[in-house]
Amino acid sequence: MRLIESEKISGKVTEGDGRVEALREILASYFNLQIDLNQAISDVEFKIPRHYRPHENNNRAFPQGWAERLIRTSVRRFYNQAVLMEIIESGGTECFIPHSDFESRDSNCSKYLAGSKQNASVMLERLLSAYRDGNWTNDLKIPDHPHCTHTVQPA
């Protein structure tokens with residue numbers, strides 16, 4: 001919960017008054033098991049609407065299914081960030097990325113990361129650079145794309 005409350009959340013979808021705060025509240029309710037995934041998606045559509053926002057006409061920022069994408073990506077970002085931080089804080093240096101039954105075998109994360117051990121610090125740096133700082137590169141990370149289902153675990 002500490003991460004959700006304190007970490008910067010970057011992205012065009014969350015630009016504008018109160019949008020980041022609304023997302024934080026929805027994520028906190030989800031992680032505290034007060035709402036399920038479907039309710040979280042509905043809450044995003046209602047509390048962080050596409051209309052009347054700086055990027056409302058940008059279909060890259062707001063593609064079909066954008067609310068579900070935002071929730072799923074945010075949940076995986078914060079989950080993986082917490083696991084990576086715990087690995088590092090407990091003295092570990094590596095994480096393991098298992099294969100996911102729900103991930104396309106053709107995705108870059110499936111081809112190049114799944115089933116392997118990775119440097120936990122490098123993976124955390126890449127995650128933070130993208131999801132916190134908004135510096136998107138082609139460096140592989142978990143989550144690597146909006147519907148990425150991979151997670152990290154201690155090696």
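These figures come from a predicted structure and were not determined experimentally.
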Checklist entry - So does R2 pair up with E7, basic N to acidic O under 4.0 Å? => result no

Checklist entry - Can you tell me how far the CE atom of M85 sits from the OG atom of S121, to the nearest 0.5 Å? => result 11.5 Å

Checklist outcome for this item: Residues I48 and A22: closest non-hydrogen pair is CG1-CB, 3.9 Å

Item to check | Partner of L27 under side chain to side chain contact (heavy atoms under 4.5 Å, CB included), chosen from L70, I71, V44 | outcome: I71

Item to check | Separation of I9 CD1 from Y131 OH (nearest 0.5 Å) | outcome: 13.0 Å

Item to check | Minimum heavy-atom distance between A120 and I87, given as atom pair plus value | outcome: CB-CG2, 3.9 Å

Checklist entry - How far apart are the closest heavy atoms of D43 and I35, and which atoms are they? => result OD2-CD1, 3.7 Å

Next on the checklist: Once rounded to the nearest 0.5 Å, what's the spacing between atom CG of N135 and atom CD of E125?
Outcome noted: 12.5 Å

Checklist entry - In terms of heavy-atom contacts, does CG of N138 have more than 12 from other residues, nucleotides or ligands at under 6.0 Å? => result no

Next on the checklist: With heavy-atom distances below 4.5 Å as the criterion, would you say the side chains of R19 and K47 are in contact?
Outcome noted: no

Checklist entry - Rounded to the nearest 0.5 Å, how far apart are NZ of K111 and CG of D144? => result 11.0 Å

Checklist entry - CG/L84 to NZ/K141 distance, rounded to the nearest 0.5 angstrom? => result 13.0 Å

Item to check | Hydrophobic cluster identity match, L128 and M123, side-chain contacts under 4.5 Å | outcome: yes

Next on the checklist: Ignoring hydrogens and geometry beyond distance, is a side-chain donor-acceptor pair present between E103 and T149 at under 3.5 Å?
Outcome noted: yes

Next on the checklist: If we check side chain to side chain contact (heavy atoms under 4.5 Å, CB included) with I142, which of these qualifies: N80, L124, V83?
Outcome noted: N80

Checklist entry - So Q153 and T151, side-chain hydrogen bond (donor to acceptor under 3.5 Å, both in side chains) or not? Walk me through it. => result CA-CA 7 Å; Q153 62 188 45; T151 56; 5.4 Å; no

Checklist entry - Are the side chain of S10 and the backbone of R132 linked by a donor-acceptor contact shorter than 3.5 Å? => result yes

Next on the checklist: What I want to check is whether the side chains of S110 and S107 have a donor and an acceptor closer together than 3.5 Å.
Outcome noted: yes

Next on the checklist: Treating R24 as the side-chain partner and I4 as the backbone partner, does any N or O pair qualify as donor plus acceptor under 3.5 Å?
Outcome noted: yes

Next on the checklist: To the closest 0.5 Å, what do you measure between CD1 (I97) and OG (S116)?
Outcome noted: 5.0 Å

Item to check | ring pair (Phe, Tyr, Trp, His ring centres under 6.0 Å) pairs, two or more places apart, involving residues 73-121 | outcome: none

